Amino acid sequence: MQIVSNSASPAAPALRINNATIVNDGREFVGDVLVAGGRIAAVAEAGGLPADAPRAEREIDASGLLLLPGLIDDQVHFREPGLTHKADIASEARAAVAGGVTSFMEMPNTKPPATDAAALERKFARAAEVSPANYSFYLGATNDNIAEVERADPRRICGIKVFMGSSTGNMLVDEPAALEKIFARAPMLVAAHCEDTPLIETALREARERFGDAVPPAEHARIRSAAACLKSSTLAVSLARKHNARLHVLHISTAAECDLFAPYPETQETAPSRFQVSDKGVDEAVNQKLLRRKLDALGHQHLPHEAGELSSIKGDALAKSCQRTTPGSSSERIAALIAKVNPATFYERDKRITAEACVHHLWFCDADYARLGNQIKCNPAIKTAGDRDAVRAAVRDGRIDVIATDHAPHTRAEKAAASYFDAPSGLPLVQHSLQMLLDLWRDGVFDLATIVRKTSHAVADLFAIRERGYIREGYHADLVLVDPRAPQTVAAGSNVFYKCGWSPLEGHTFGASVVATLVNGTVVFERGVFNAAAPRGMRLEFAR
């Protein structure tokens, strides 16, 4: 494969990707993609681009490679301002694109914290100067900044972050009246970190009484317990229901929490687990309401590519045509295609309460503390193998909507502190999240369509991000090429790009490698090399 580096032009000249295995919109096929002006100009089966398509100035032969939408990570901590000895926006955004992450949403617990519009805009300005990836930032809620929350523009920032548990500085929101105001008045999505501080403090005192300063790292899973997570998440869900707030619960880590969520909006009381299709087509009695709502509200954009004809068949007309068709007809074929789609994806934009899983809670379990110690200390804690498996299952069945990283780097020296109490929580992950998920694909945990849905499609849908998250004509060309047969061993000092210089995955050999990442049509990373001439990423826009 050959890729020619892009020039510094903000609108990259035409680029053509040929013979890639494209995974997009629930479909996997060998195809070609034409990129022009930073956007996707055409997508077609291999060899099917229009004869009059513009001549590509650069071509990529992607035979044997996977082409995926660039990942959108909805939870990272890039540590700027104030903590830049650990990380900064430039360094961590570079690591992100090396891992196929083309857009990120960064958290407010920096120094000073981003709890007002001025601090937030300073972060946006800094990202515009240095980030090779697209970006947005959360406004942090506190016990006393409800006026800032109310003034926030839902079209310009990704969300409001609420720490309903221990946090940095003034960012713990623990006053019931303040929580009520935030959930009642926030003009956009509220993203919540849910752990109950009193339960954690009690468990921490008990651990100190038992172990003194020599608390074992594995005790972290009991200090920041499943009960503490469930109590706080339950409170967040109850507040969201009470105020009809748009709630997104971050980094679910326990089996019990998974049962707080559903694959469908709560107003959809009896949605079927799958479409019913008989030899006469779609079962109208079961599916007519589901089809009508999907087609009328969202159109056909979330259905497989072959079902594009649905754009001209609406609601009752589709159900009736499917009832009267004979096997093999166009409508019957469309009905069969619809039947293969998980209907949970039809309603993601309608859900008011959604949830996120993070890759470390899908990968590690408490048995790994013996090997990695405080390197995998994080909040909420990595818990049992049973919890990990339950979170995986909730990702598969649609109760958990997106997968992110909660990338939170600290220096190696900080993590190596002799005392549990001195070792900070958090670990660097944004460069390796896609490779972790592709290893889980190889192990049969997730299929490729689920990985793409949870890391790209659903993030764009739930946050209402404009024209990103899919390989679609007219969308920004945020793309990642992966070689699924190119192993890569994580090695600090050679292929770890975090500013902190280490990874808890050191020594692990992934089965797949990121070959190239395109942001807004420009190749910004290829085979371990960054394109220094690439334009900066763009501020994410939201259709709210």
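Keep in mind that this is a model prediction, so the values were computed, not measured.
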Q) Are any of the side-chain nitrogens in Arg126 or Glu80 under 4.0 Å away from the carboxylate oxygens of its partner? A) yes

Q | Matching residue for Glu92 among His407, Gln431, His77 - test: side-chain hydrogen bond (donor to acceptor under 3.5 Å, both in side chains) | A | His407

Q | Asn531 and Glu526: CA distance, side-chain angles, deciding distance, side chain to side chain donor-acceptor pair (under 3.5 Å) verdict | A | CA-CA 8 Å; Asn531 177 7; Glu526 184 226 330; over 6 Å; no

Q) Heavy atoms, side chains only, cut-off 4.5 Å: are Asp387 and Cys365 in contact? A) no

Q. Roughly how far, to the nearest 0.5 Å, is the NE2 atom of His457 from the OG1 atom of Thr450?
A. 10.5 Å

Q: Decide side chain to side chain contact (heavy atoms under 4.5 Å, CB included) for Val391 and Ser253; before the verdict, give the C-alpha distance in whole Å, the side-chain angles of both, and the deciding distance to 0.1 Å.
A: CA-CA 7 Å; Val391 175; Ser253 62; 5.7 Å; no

Q | Asp259: partners by salt bridge (Lys or Arg N to Asp or Glu O under 4.0 Å), with sequence neighbours left out | A | Arg399

Q: Look at the aromatic rings of Phe104 and Tyr135 and report parallel, tilted or perpendicular, splitting at 30° and 60°.
A: tilted

(Q) If the test is side-chain hydrogen bond (donor to acceptor under 3.5 Å, both in side chains), which one of Gln75, Lys161, His251 qualifies with His193? (A) His251

Q | Glu57 side chain reached by Leu15 side chain, heavy atoms, under 4.5 Å | A | no

Q. Among all residues two or more places apart in sequence or in another chain, which pass the side chain to side chain donor-acceptor pair (under 3.5 Å) test with Arg39?
A. Glu467, His476

(Q) If you apply the rule side chain to side chain donor-acceptor pair (under 3.5 Å), what do you find for Asp61 with Ser63, and how did you get there? (A) CA-CA 6 Å; Asp61 178 8; Ser63 299; 2.7 Å; yes

Q) How would you list, by chain and number, every residue that makes a side chain to side chain donor-acceptor pair (under 3.5 Å) with Arg412, sequence neighbours excluded? A) Glu506

Q) To the nearest 0.5 Å, what is the distance between CD (Glu45) and CG (Asn19)? A) 11.5 Å

Q. Is any side-chain heavy atom of Phe463 less than 4.5 Å from a side-chain heavy atom of Thr354?
A. no

(Q) Before you tell me yes or no, could you show the steps for Glu129 and Arg536 under salt bridge (Lys or Arg N to Asp or Glu O under 4.0 Å), namely the whole-Å CA-CA distance, both residues' side-chain angles and the distance that decides it to 0.1 Å? (A) CA-CA 7 Å; Glu129 293 174 346; Arg536 302 299 87 184; over 6 Å; no

Q: Take the angle between the ring planes of Phe510 and His432 and call it parallel below 30°, perpendicular above 60°, tilted in between.
A: parallel

Q: Supply the atom-to-atom distance Arg539 CZ to Asn134 CG, rounded to the nearest 0.5 angstrom.
A: 12.5 Å

Q: Show the numbers, then the answer: is there a salt bridge (Lys or Arg N to Asp or Glu O under 4.0 Å) between Arg224 and Glu195?
A: CA-CA 8 Å; Arg224 289 187 171 263; Glu195 293 181 284; 2.6 Å; yes

Q. Is there a side-chain contact between Lys454 and Ile400 (heavy atoms, below 4.5 Å)?
A. no

Q. Got a second to check how far Asp478's CG is from Ser456's OG, nearest 0.5 Å?
A. 9.0 Å

Q. Can we say Lys351 and Asp401 salt-bridge, meaning some charged N sits less than 4.0 Å from an Asp/Glu carboxylate O?
A. yes

**Q.** Asp88/Arg79 ion pair, N-O < 4.0 Å
**A.** no

Q | Nearest atoms (heavy-atom pairs only) where Leu518 meets Thr102 | A | O-CG2, 3.5 Å

Q) Do Arg466 and Phe542 meet the cation-pi criteria used here (NZ or CZ under 6.0 Å from the six-membered ring centre, within 45° of the axis)? A) no

Q.
Assess the residue pair Tyr138 and Asn109 against the criterion (side chain to side chain donor-acceptor pair (under 3.5 Å)); give the C-alpha distance rounded to whole Å, side-chain angles, the decisive distance to 0.1 Å, and a yes or no.
A. CA-CA 10 Å; Tyr138 290 87; Asn109 52 329; over 6 Å; no

Q.
Between Glu541 and Arg156 (salt bridge meaning N to carboxylate O under 4.0 Å), is one present in this structure?
A. no

Q | Qualifying residue, where the test is side-chain contact (heavy atoms from CB on, under 4.5 Å) with Met436 and the options are Leu362, Leu429, Ile403 | A | Leu429

Q: Report yes if some heavy atom in the side chain of His248 is under 4.5 Å from a heavy atom in the side chain of Glu356; otherwise report no.
A: yes

Q.
So which atom in Ile451 and which in Thr455 form the shortest heavy-atom distance, rounded to 0.1 Å?
A. O-OG1, 2.7 Å

**Q.** Residue pair Ser503 / Gln375, side-chain heavy-atom distance below 4.5 Å
**A.** no

Q: Please lay out, stage by stage, how His508 and Gln435 fare under the test side chain to side chain donor-acceptor pair (under 3.5 Å).
A: CA-CA 11 Å; His508 178 78; Gln435 289 175 295; over 6 Å; no

Q. If you take all heavy atoms of Ile252 and Ala355, which pair is closest and at what distance?
A. CG1-CB, 4.0 Å

Q.
Within this structure, what is the OG-CG distance for the pair Ser103 and Asp74, rounded to the nearest 0.5 Å?
A. 11.5 Å

Q | Arg27 bridged to Asp25 by N-O distance under 4.0 Å | A | no

Q. Under the side chain to side chain contact (heavy atoms under 4.5 Å, CB included) test, which residues partner Ala449, sequence neighbours left out?
A. Asp447

Q) Looking only at heavy atoms, which two atoms of Pro504 and Ile376 are closest? And how far apart? A) CB-CG2, 4.2 Å

Q | Separation between CG of Leu448 and CG of Leu438, rounded to the nearest 0.5 Å | A | 6.5 Å

Q.
Are the side chains of Leu479 and Val35 in contact, using a 4.5 Å heavy-atom criterion?
A. yes

Q: Output all residues satisfying ring pair (Phe, Tyr, Trp, His ring centres under 6.0 Å) with His410, sequence neighbours left out; order by chain, then residue number.
A: none

Q.
Set out, in order, the CA-CA distance, both residues' side-chain angles and the distance that settles side chain to side chain contact (heavy atoms under 4.5 Å, CB included) for Phe497 and Ser91, then state yes or no.
A. CA-CA 7 Å; Phe497 297 115; Ser91 65; over 6 Å; no

Q.
Walk me through whether His220 and Tyr369 qualify under ring-ring contact (aromatic ring centres under 6.0 Å, His included).
A. CA-CA 9 Å; His220 191 61; Tyr369 287 111; 7.0 Å; no

(Q) As a quick check of understanding, evaluate side chain to side chain contact (heavy atoms under 4.5 Å, CB included) for Leu34 and Ile40, giving each step before the final call. (A) CA-CA 6 Å; Leu34 186 67; Ile40 297 168; over 6 Å; no

(Q) I'd like to check the side chain to side chain donor-acceptor pair (under 3.5 Å) partners of Thr405; sequence neighbours left out, ordered by chain and number. (A) Asp73

Q. When you look at Arg453 and Asp461, which way does the salt bridge (Lys or Arg N to Asp or Glu O under 4.0 Å) test go after all the steps?
A. CA-CA 10 Å; Arg453 171 120 219 109; Asp461 292 347; 2.8 Å; yes

Q: Indicate the atoms forming the closest heavy-atom contact of Ala114 with Leu120, along with that distance.
A: CB-CD1, 4.0 Å

Q | Ion pair Asp366/Lys383, N-O distance below 4.0 Å | A | no

Q. Nearest heavy-atom pair of Leu49 and Ala44: which atoms, and what distance?
A. N-CB, 3.7 Å

